[in-house]
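For reference, the structure is listed below as structure tokens.
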Amino acid sequence: MLDKKLLIKSPEIVKKNLSSRGYIFDDDQWIKLEEERKIAQVNLETNQENLNKLSKEISKSKDDESLKDQASSLSTLVKQDKEILQSIQNNIDEFLLDIPNLIDKSVPVGEDESSNEIIEEIGDLPNFSFEPKAHSFFIDKTDEGRGAKIAKSRFTVLSGELAKLHRVIGQFMIDTHTNDHGYEELYVPYVVNKTSLVGTGQLPKFEEDLFKLGEKSDLYLVPTAEVPVTNLHRDEKLNFEQLPLKYVCHSPCFRSEAGSYGKDTKGLIRQHQFDKVELVKICHPDKSEEEHVKLIEDASKILELLELPYRKVVLSSGDTGFSASKTIDLEVWFPSQNAYREISSCSNFTDFQSRRANLKFKSKKGNEFCHTLNGSGLAVGRTLAAILENYQTEDENFIYPKVLKNYI
RNA sequence: GGAGAGGUGGCUGAGUGGUUGAAAGCGCUCCCCUGCUAAGGGAGUAUGUGGUAAUCCCGCAUCGAGGGUUCGAAUCCCUCCCUCUCCGCCA
């Protein structure tokens, strides 16, 4: 949610910024709604004030019938005014919840991912003396269509060595972030309510990407640990000294992936269920830029320890997600595709989620909104896939990255 | 799942229809006093939002959430959520 004060004061700045991500901010509509709101609110509050005064008079002048009649009709009026204001307020809320975050100044302007900018390429690409296999070659051998049998397509079974490797990768990531990077480990619910999803920005706009638990329930499977972890302190006022809070959380993630039919149908790249180690930070607004840089370093470190070639990419304005102000993707090398593929997305959400989740800290100025950040550190399934591809051997097998050897 | 109790400000805790946004205590901030410390005295101390550009001023809202009764609700009624105790079940 954007700052209402900014929206009122300079809608044209907002409009210009948001147009860079292809969002048309209807400032006429906004100004109209705000004017309606102001009239309705002032009207209600004036009538309420008079009614309050009248009520006090009644309490003093015991049972004055004419005063009571007057108050009664005023009360009816106030009730109507409340309904009017409420309906306007609902429209405003709906309008505001639909607006994406402002794009950071440093983000390249462009329509889509073709305008993303490569910041840096790290690590040497593997040089195979044979035709490298796709990771799905290894996965298919263990899954054999059973994920689809048990659940549906885009679910996968791992067995034996691959199941173990999958488990160990997550373990290694958490250990690195807790021991070396100072994150606190969390275990959280894998089911979240609507309020939490509104807080981080998945709702109301992106319901179709989620798995909902039953028609009547307002519970959903987590699409990412970002949701439970960022909402950990929702509606709280943190102490200044607590900041920054740094959490790491390994969780399964469930995404319905509606609208992605035909993309990445093989292997582990795009699944309805996958594991991810998520990094979340809650910090002072002045610090979010530098915390973002450090977050990216922390996530990158995993790829470096695993000795996987990767690159850093800054997403263009048009490719940046709804809640983010700036996003840096880490993309890992997939030899079989001769391409880099996303394995982590590190975003600064500024105060966008904090406003939705009412997440504040106490400062000398009063209560201020925190800034939130998160990034995958990393997606476990895709990491497994990247290891299989980059560490494969000519005999249709693979070896383990050095750092994982004492885990296996 | 069954039976009962309860949800009030940073915390403890009063308050069962009318100057109660809310007693009291603790905590916190500032000032005074005491050669330091301890103790004592005084003042202040919720949030959100609107009128306004405004930390002043004035208003409105907020006592788990949402509805209802009433001129008026923290107080009465209904629904939901949560916490606690006992019983049942269970990893």
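So that the names make sense, note that chain A is the first sequence line, chain B the second, and so on, each numbered from 1. As the structure is a prediction and not an experimental result, all values here were calculated from the model.
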Under 3.5 Å for both distances, Watson-Crick or G-U wobble, that's the pair rule; now give the dot-bracket for RNA chain B, with | marking pairs to another strand and [ ] for crossing ones. ((((((((.[[[..)..(.....]]]((((((.......))))))((((((.....)))))).[[[[[..)....]]]]])))))))....
Hey, does the side chain of [X] reach the backbone of [Y] with a donor-acceptor pair shorter than 3.5 angstrom?
X: A/T372; Y: A/F349; value: no
X: A/S316; Y: A/D112; value: yes
X: A/K281; Y: A/E291; value: yes
X: A/T200; Y: A/S196; value: yes

Which value, in whole Å, describes the distance between the [atom1] atoms of nucleotides [N] and [M]?
N: B/G21; M: B/U8; atom1: C1'; value: 11 Å
N: B/C86; M: B/U19; atom1: P; value: 40 Å
N: B/C28; M: B/G10; atom1: C1'; value: 9 Å
N: B/G67; M: B/G51; atom1: P; value: 24 Å
N: B/A74; M: B/A23; atom1: P; value: 15 Å
N: B/C89; M: B/U16; atom1: P; value: 42 Å
N: B/C57; M: B/G64; atom1: P; value: 29 Å

Give me the residues of residues 187-198 of chain A where at least one heavy atom lies under 4.0 Å from an atom of RNA chain B, by number, or none. none
All N/O pairs under 3.5 Å across the protein-nucleotides 72-75 of chain B interface:
unit_1: B/G72; atom_1: OP1; unit_2: A/S75; atom_2: OG; d: 2.9
unit_1: B/G72; atom_1: O4'; unit_2: A/S55; atom_2: OG; d: 3.3

Looking at [X], I'd like to know whether one of its side-chain N or O atoms comes within less than 4.0 Å of OP1 or OP2 on [N].
X: A/K79; N: B/U69; value: yes
X: A/K4; N: B/U49; value: no
X: A/Q41; N: B/G51; value: no

Between atom CD in A/Q70 and atom C1' in B/U70, what is the gap in whole Å? 17 Å
What does [X] touch in the nucleic acid at a heavy-atom separation under 4.0 angstrom: a base, only the sugar-phosphate, or nothing?
X: A/K362; result: nothing
X: A/K53; result: nothing
X: A/K38; result: sugar-phosphate

Start at the 5' end of RNA chain B and walk down; is the nucleotide closest to A/G366 or to A/E83 reached first? A/G366
Result for 5'-nearest mapping on RNA chain B, choosing between A/T46 and A/V42, is A/V42
Distance, nearest 0.5 Å, that separates OG1 of A/T76 from CG of A/D81: 10.5 Å
Any pair counted as ring-ring contact (aromatic ring centres under 6.0 Å, His included), so long as it reaches residues 354-378 of chain A, sequence neighbours left out: A/H284-A/F361
Under the ring-ring contact (aromatic ring centres under 6.0 Å, His included) rule, what pairs show up with a residue in residues 299-322 of chain A, not counting sequence neighbours? A/F206-A/F322, A/F322-A/F352
Nearest of B/C71, B/A61, B/U47 to any side-chain atom of A/S72? B/C71
Among B/G51, B/G48, B/G18, the one nearest A/N367 by side-chain distance: B/G48
Lys/Arg-Asp/Glu bridge criterion (N-O < 4.0 Å) met for A/K79, A/E83: no
Per-pair distances, 0.1 Å, donor-acceptor, side chain in residues 381-391 of chain A, under 3.5 Å, sequence neighbours excluded:
unit_1: A/R382; atom_1: NE; unit_2: A/I269; atom_2: O; d: 2.9
unit_1: A/R382; atom_1: NH1; unit_2: A/E342; atom_2: O; d: 2.8
unit_1: A/R382; atom_1: NH2; unit_2: A/I269; atom_2: O; d: 2.8
unit_1: A/T383; atom_1: OG1; unit_2: A/A379; atom_2: O; d: 2.6
unit_1: A/E389; atom_1: OE1; unit_2: A/S336; atom_2: N; d: 3.0
unit_1: A/E389; atom_1: OE1; unit_2: A/S336; atom_2: OG; d: 3.1
unit_1: A/E389; atom_1: OE2; unit_2: A/H135; atom_2: N; d: 2.7
unit_1: A/E389; atom_1: OE2; unit_2: A/H135; atom_2: ND1; d: 3.3
unit_1: A/E389; atom_1: OE2; unit_2: A/S336; atom_2: OG; d: 2.9
unit_1: A/N390; atom_1: ND2; unit_2: A/W333; atom_2: O; d: 2.9
unit_1: A/N390; atom_1: ND2; unit_2: A/A386; atom_2: O; d: 2.8
unit_1: A/Y391; atom_1: OH; unit_2: A/L306; atom_2: O; d: 2.5

Worked verdict on A/N101 versus A/S323 for side chain to side chain contact (heavy atoms under 4.5 Å, CB included): CA-CA 5 Å; A/N101 199 358; A/S323 301; 5.5 Å; no
Kindly write out the residues that satisfy salt bridge (charged side-chain N to carboxylate O under 4.0 Å, His left out) with A/R270, not counting sequence neighbours, or none if the list is empty. A/E257, A/D264
Kindly write out the residues that satisfy ring-ring contact (aromatic ring centres under 6.0 Å, His included) with A/Y247, not counting sequence neighbours, or none if the list is empty. A/H233
Pairing residues for A/H181 by the ring-ring contact (aromatic ring centres under 6.0 Å, His included) criterion, not counting sequence neighbours: A/H177
Nucleotide N/O to protein N/O under 3.5 Å, stretch nucleotides 89-91 of chain B:
none

Quick one: list whatever passes side chain to side chain donor-acceptor pair (under 3.5 Å) with A/N358, sequence neighbours left out. A/D235
Exercise answer: donor-acceptor pairs, residues 158-173 of chain A side-chain atoms, under 3.5 Å, sequence neighbours excluded:
unit_1: A/S159; atom_1: OG; unit_2: A/T142; atom_2: OG1; d: 3.0
unit_1: A/E161; atom_1: OE2; unit_2: A/Y400; atom_2: OH; d: 2.6

